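Here is the structure we will look at.
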Amino acid sequence: MAKNLRRMIAPLAILMIATAVIGYRGGAFGVPADKLERFSRDHQPIPEEWLCIQSARDDIVALLFYPEDQSNASYVIYAKGTGLSFGFHPRSRGFMHSIQEGICEYQYGDRGAAIFLSLNQANVARAEIEYEEGAREQIIIDAGEPFALIAPLSAAVTFYDTEGGAVEELRTVVAI
């Protein structure tokens, strides 16, 4: 009995190590924050020449991919896993036409996050975040340049164009 057990230990150990390596490389345990862009490109049809911008906080990361001429866009939203997890897991990905023409707001209720993505054809130059307790934060955005922004879901976020006018009519809200 002990002899059979010893013969089985080595193959079982090898199988467990191989499973762990394959799971780690495939993202089963989560993807480290510094590897999210590469992981996204490897697992989605995102051309290598496309640019990438991102916004991040401790538990959520949003990436926006686009070609230099801004004729198209793809996004991926990652959230940090719970339990046996060592990184981020994809929660939403794809393409939204509103990212090109306006601002797409992804409301991630489980994380209390509002994620804003845009190729910025509306020339947004600034975002103002008003927090529940009344504090305000101004975020400067390069007018005409794509942006990604993560804010608390409970905050009021207003975008302004280069002339100081509010940009609200071009906003699309999606719950994830």
Side-chain angles (χ1 to χ4, degrees), residues 26-82 85-132 136-161 167-168 170-176:
F29 301 117
V31 180
D34 63 337
K35 302 217 182 321
L36 291 175
E37 182 179 345
R38 178 79 270 146
F39 185 84
S40 297
R41 290 181 188 276
D42 289 347
H43 291 85
Q44 290 190 87
I46 299 170
E48 283 297 322
E49 64 273 6
W50 280 24
L51 304 171
C52 178
I53 57 165
Q54 64 178 304
S55 182
R57 64 181 209 190
D58 290 344
D59 63 338
I60 194 162
V61 177
L63 291 93
L64 178 60
F65 297 91
Y66 58 94
E68 197 168 332
D69 67 1
Q70 298 180 17
S71 60
N72 204 341
S74 181
Y75 75 92
V76 187
I77 297 170
Y78 289 92
K80 195 158 239 184
T82 57
S85 177
F86 304 104
F88 291 86
H89 299 271
R91 292 295 180 232
S92 182
R93 63 180 134 215
F95 168 81
M96 287 289 290
H97 191 66
S98 56
I99 290 174
Q100 284 182 271
E101 294 184 348
I103 302 165
C104 194
E105 175 184 351
Y106 295 88
Q107 295 182 345
Y108 194 171
D110 291 351
R111 300 295 171 130
I115 300 135
F116 300 91
L117 302 173
S118 177
L119 289 181
N120 204 4
Q121 291 180 0
N123 286 318
V124 170
R126 156 176 81 91
E128 183 176 281
I129 302 171
E130 184 176 348
Y131 297 96
E132 279 185 303
R136 292 178 185 255
E137 180 181 4
Q138 300 272 333
I139 309 282
I140 302 301
I141 297 170
D142 288 336
E145 293 297 317
F147 67 86
L149 174 70
I150 300 174
L153 190 54
S154 60
V157 180
T158 306
F159 295 95
Y160 296 93
D161 61 23
V167 179
E168 289 292 330
L170 297 174
R171 200 159 165 179
T172 301
V173 178
V174 178
I176 56 170

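Note: hydrogens, waters and symmetry copies are ignored here, and every other heavy atom, side chains too, is used. Treat the numbers as computed from the prediction; the structure is a model and nothing was measured. Along the sequence shown, residues carry numbers from 1.
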Test side-chain contact (heavy atoms from CB on, under 4.5 Å) applied to Val61 and Gln54, step by step: CA-CA 7 Å; Val61 177; Gln54 64 178 304; 3.4 Å; yes

Steps toward side-chain contact (heavy atoms from CB on, under 4.5 Å) verdict (Ile115, Ile60): CA-CA 9 Å; Ile115 300 135; Ile60 194 162; 3.6 Å; yes

Verdict with reasoning, Arg111 to Lys80, per side-chain contact (heavy atoms from CB on, under 4.5 Å): CA-CA 10 Å; Arg111 300 295 171 130; Lys80 195 158 239 184; 4.2 Å; yes

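Between the Asp142 side chain and the Glu145 main chain, no donor and acceptor come within less than 3.5 Å of each other. The backbone N or O of Pro146 sits nowhere less than 3.5 Å from a side-chain atom of Ser118 that would complete a donor-acceptor pair. Side-chain N or O atoms of Arg136 include none that pairs as donor or acceptor with a backbone N or O of Tyr131 at under 3.5 Å. Side-chain atoms of Asp161 never come within 3.5 Å of backbone atoms of Val124 as a donor-acceptor pair (strictly under, hydrogens ignored).
With no hydrogens or angles considered, a side-chain donor-acceptor pair links Ser71 and Asp69 at under 3.5 Å. In this structure, a donor-acceptor pair under 3.5 Å is absent between the side chains of Ser74 and Tyr66. With hydrogens and angles left out, the side-chain atoms of Gln70 and Glu68 include no donor and acceptor closer than 3.5 Å.
Counting heavy atoms from C-beta on, the side chains of Tyr78 and Arg91 never come closer than 4.5 Å. For the pair Ile139/Ile129, a side-chain contact is recorded, criterion being any heavy-atom separation below 4.5 Å from C-beta on. Side-chain contact between Ile103 and Phe147 is present, with heavy atoms from C-beta onward closer than 4.5 Å.
Residues Ala73 and Leu119 come closest through the heavy atom pair CB-CD1, 4.0 Å. Here the closest non-hydrogen pair linking His89 and Gly30 is CE1-N, 3.2 Å. Contact detail for Cys52 and Arg41: the closest heavy-atom pair is CB-NH2, 4.0 Å. Of all the heavy atoms in Gln44 and Gly94, the pair that sits closest is OE1-N, 4.4 Å. A pairwise comparison of heavy atoms in Ala62 and Leu117 identifies CB-CD2, 4.2 Å as the closest pair. The nearest pair of heavy atoms linking Ile46 to Ser40 is CD1-O, 3.9 Å.
Scanning for side chain to side chain donor-acceptor pair (under 3.5 Å) contacts around Asp42 gives Arg38, with sequence neighbours left out. Residues satisfying the side chain to side chain contact (heavy atoms under 4.5 Å, CB included) criterion with Arg126, sequence neighbours excluded, are Glu128, Gln138, Tyr160.
For the atom pair Ile53 CD1 and Leu149 CG, the distance stands at 10.0 Å (nearest 0.5 Å).
Under the 6.0 Å cut-off for aromatic ring centres, Phe39 and Phe88 do not qualify, their centroids lying 6.0 Å or more apart.
If you run ring-ring contact (aromatic ring centres under 6.0 Å, His included) between Tyr75 and each of Tyr106, Phe95, Trp50, Phe65, only Tyr106 comes through.
More than 12 non-hydrogen atoms from other residues, nucleotides or ligands lie less than 6.0 angstrom from CG of Asp34.
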